[in-house]
Amino acid sequence: MPDGEARIAELERVAALAEATGDPRAAVDAWSELVEAHLRGGERWRLVEPVRRCLDAATRSRPPAGSAHRVGPDDETSRRYQRYAVEALLGTPRIGLDQARNLLDGLTDPVRTDDESALVAQLRCRVAEHVGDEPAARHWLRRWRAAAPDPAAGCPDCLPVRQAELLAGWGDWAEALAAVEPVLDGPAHCTAQPEAALAGALLPWLRAGAAQRAAQAHVRAYRRHRSAPDGFAHLATHLRYCALGGHLDRGLEILVEQLPRLDQPHDDLSVMEFAAAGALVCALAAEGRDDRTVRRPAYRGRPVAVVPVTALGADLLAAATALAGSFDARNGTGHQSGRMAAWLAERPTAPPVPLPDDDPASPTDEASDEASDGPWGTDGPWGHQGVGDDDSRADSAGDDDGPSAREVGALTVEMITTVLDRRGDGYTLDAAGTVLGRWGAAVIQFRRAGERGDVLHARVVADRRLPATRRAEAYAFCNGWNRDRLLPKAYVHDPGDGDLVLAGEVATDLAYGVAPTQVTVLVDAAVRTGVAYAEAVAALP
């Protein structure tokens, strides 16, 4: 089944039924897959219960010491799941903070102390900072930075960025820059870098007087964060930079452009920070011109409308205040409300410096591409009147030889749908970002898989099914296909209804990034080989 609510409900049903009938392996498999489904779908707060149930089921069915058989995820995966759950709890006030602490207690390795665990030190540091206990957070940050690397702690390139964000939040600008410097200076081994590191250095550079470097970092990082699924968490930083750096027109443009993303699944902490930073931009813009209006796009049930900047700012302030209050009520402190109030009290510290061209290789073409039909009409993202039109945009979008087509970045759902749009293929797109289409006798599903969504996974299902009595023939066909053909990897699936489903899949690891032209090649290959596979199944006697 494609990702979505129907699949989530079915996985929950299978897991509950497996537990009721005493099948721990099936229960653990279902709960594990449910965790992965919530990771892909973006609603991470929903994975807390599946993580708990998965680990409980694995513990209850633990084999005797020395047994070679194991039920459930390996130790590293289990600890990684627990990290996801703690991080999810920090991102929403909907679940009790005691659950995060209980999960942290479960992460303690009996073989070593908490000091030696980078994962435990990191999470205890972030929990302490979240509730406003800065001394404890600084204590655990020192332990975290001194600990040996832990594969379950997260991406090695992203951890220094998290440390820099903590230090910047405490006003330690120089230390924040020192923490993120190795990621900026060294080779990137993560598709989120260097843009995440640049965003982490934005405000420290601005505070340290390196305004020009901050401007360059903002333009380069926002080029990715404006559309990447993992970019929403960085938008508050970009908005605060625009407010404090004196680029209020730019800040309003980003705010209006990004408002519709509030309809997508995001953690409440990121929504709170986005709303507070947006309210700050609106407040500063209104100070200079209180009758200013913006064209607000439709989002969260609000229709498209032209509204005063002050009204938009009031809506965002109300949203940020309500979420901060919810966090504080859950945590028993006033830290989040105080933090948002401190943001809203900030003011520019120096005159603005000019922003560099968005695409140094071709600034005119880039402005023409982006300005034609944005939420600000024909003014364009840089405020230039009359730049670009729909025809030039379409021409540029179809030019696979342009700079943007060759620029390597993180895999996005938009890259996949753009390829299918250019091919003229029909497809459906669900809320989880799974793309589903039909090509002749083949139904093919494309989705972003993996912990960071950096694996392009294509699954083909042939229309024709074989009766279960022909299982040996189905296996022989798939073995022959896998022997003679490179793609797709063929296999037999038995749904238990008397028929066998013949399916295939192609998984491509794009952890180091991918250019749109490469996505075109991969999607074309998946469709072509998937159709050939389905046709071969249809031709069986």
Side-chain angles (χ1 to χ4, degrees), residues 42 45 91-94 130 165 169 199 202-203 206 218 222 225-227 231-330 334-348 374-377 379 381 383:
W45 66 271
T92 183
R94 310 179 208 192
H130 179 76
E165 290 169 347
L202 261 184
L203 297 180
L206 190 63
H218 161 66
Y222 184 66
H225 295 154
R226 72 184 307 168
S227 59
F232 186 84
H234 299 287
L235 294 181
T237 301
H238 288 288
L239 289 171
R240 291 180 69 200
Y241 163 77
C242 290
L244 303 180
H247 302 287
L248 297 178
D249 288 344
R250 169 74 166 166
L252 285 174
E253 290 163 357
I254 291 175
L255 176 60
V256 171
E257 179 184 37
Q258 297 296 338
L259 274 175
R261 293 181 72 176
L262 290 178
D263 288 329
Q264 303 171 19
H266 291 294
D267 64 88
D268 295 315
L269 189 70
S270 295
V271 171
M272 178 187 73
E273 293 179 343
F274 174 87
L280 174 62
V281 170
C282 290
L284 293 177
E287 286 179 2
R289 180 179 162 191
D290 58 7
D291 63 342
R292 185 167 188 169
T293 61
V294 292
R295 182 178 180 273
R296 185 191 67 195
Y299 78 102
R300 290 199 167 180
R302 295 177 174 88
V304 176
V306 176
V307 299
V309 167
T310 52
L312 178 58
D315 287 345
L316 293 170
L317 177 59
T321 302
L323 283 170
S326 297
F327 275 112
D328 289 339
R330 191 272 305 269
H335 177 62
Q336 295 300 329
S337 295
R339 192 165 68 94
M340 295 301 97
W343 283 18
L344 291 163
E346 292 179 309
R347 290 298 181 267
W376 39 84
D379 288 353

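Small disclaimer: the values here were computed from a predicted structure and weren't measured.
- Closest approach of Leu252 and Ala285 over heavy atoms only: CD1-CB, 3.8 Å.
- Residue Cys282 is tested with Leu248, Leu239, Leu312 for a side-chain contact (heavy atoms from CB on, under 4.5 Å); the sole match is Leu312.
- Judged as a salt bridge (Lys or Arg N to Asp or Glu O under 4.0 Å), not a single pair has a partner in residues 316-328 (not counting sequence neighbours).
- Distance check: Leu316 CG to Thr321 OG1 gives 10.5 Å after rounding to the nearest 0.5 Å.
- Summarising the geometry, atom OG1 belonging to Thr310 is positioned 10.0 Å from atom CG belonging to Asp315; distances are rounded to the nearest 0.5 Å.
- Listed by first and then second residue, the ring-ring contact (aromatic ring centres under 6.0 Å, His included) pairs that reach into residues 302-325 come to none, sequence neighbours excluded.
- At least one donor-acceptor pair under 3.5 Å links the side chain of Arg261 to the backbone N or O of Arg226.
- Considering NE2 of His335 and CE of Met340, their distance stands at 8.0 Å, rounded to 0.5 Å.
- For the ring-ring contact (aromatic ring centres under 6.0 Å, His included) condition, no pair includes a residue of residues 301-321, sequence neighbours left out.
- Partners of Thr92 under the side-chain hydrogen bond (donor to acceptor under 3.5 Å, both in side chains) rule, at least two apart in sequence or in another chain, are Arg94, Asp268.
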Exercise answer: donor-acceptor pairs, residues 299-306 side-chain atoms, under 3.5 Å, sequence neighbours excluded:
residue : atom : partner : partner atom : Å
Arg300  : NE   : Leu262  : O            : 3.2
Arg300  : NH2  : Leu262  : O            : 3.4

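- Considering only residues two or more places apart in sequence or on other chains, Arg347 meets the side-chain hydrogen bond (donor to acceptor under 3.5 Å, both in side chains) condition with Glu287.
- The list of side chain to side chain donor-acceptor pair (under 3.5 Å) pairs with a residue in residues 272-285, not counting sequence neighbours, reads Glu273-Arg339.
- Going from atom CD1 of Ile254 over to atom CD of Glu257 covers 7.5 Å, rounded to the nearest 0.5 Å.
- For Ala243, the side-chain contact (heavy atoms from CB on, under 4.5 Å) partners are Leu280, Val281, Leu284, not counting sequence neighbours.
- Not counting sequence neighbours, the partners of His130 by the ring-ring contact (aromatic ring centres under 6.0 Å, His included) test are Phe327.
- Applying the salt bridge (Lys or Arg N to Asp or Glu O under 4.0 Å) definition to pairs two or more places apart or across chains, those involving residues 232-242 are Arg240-Glu346.
- Evaluation of the ring-ring contact (aromatic ring centres under 6.0 Å, His included) test over residues 270-289, restricted to residues two or more places apart or in two chains, returns Phe232-Phe274.
- Checked against ring-ring contact (aromatic ring centres under 6.0 Å, His included), His238 has the following partners two or more places apart in sequence or in another chain: His218, Tyr222, His225.
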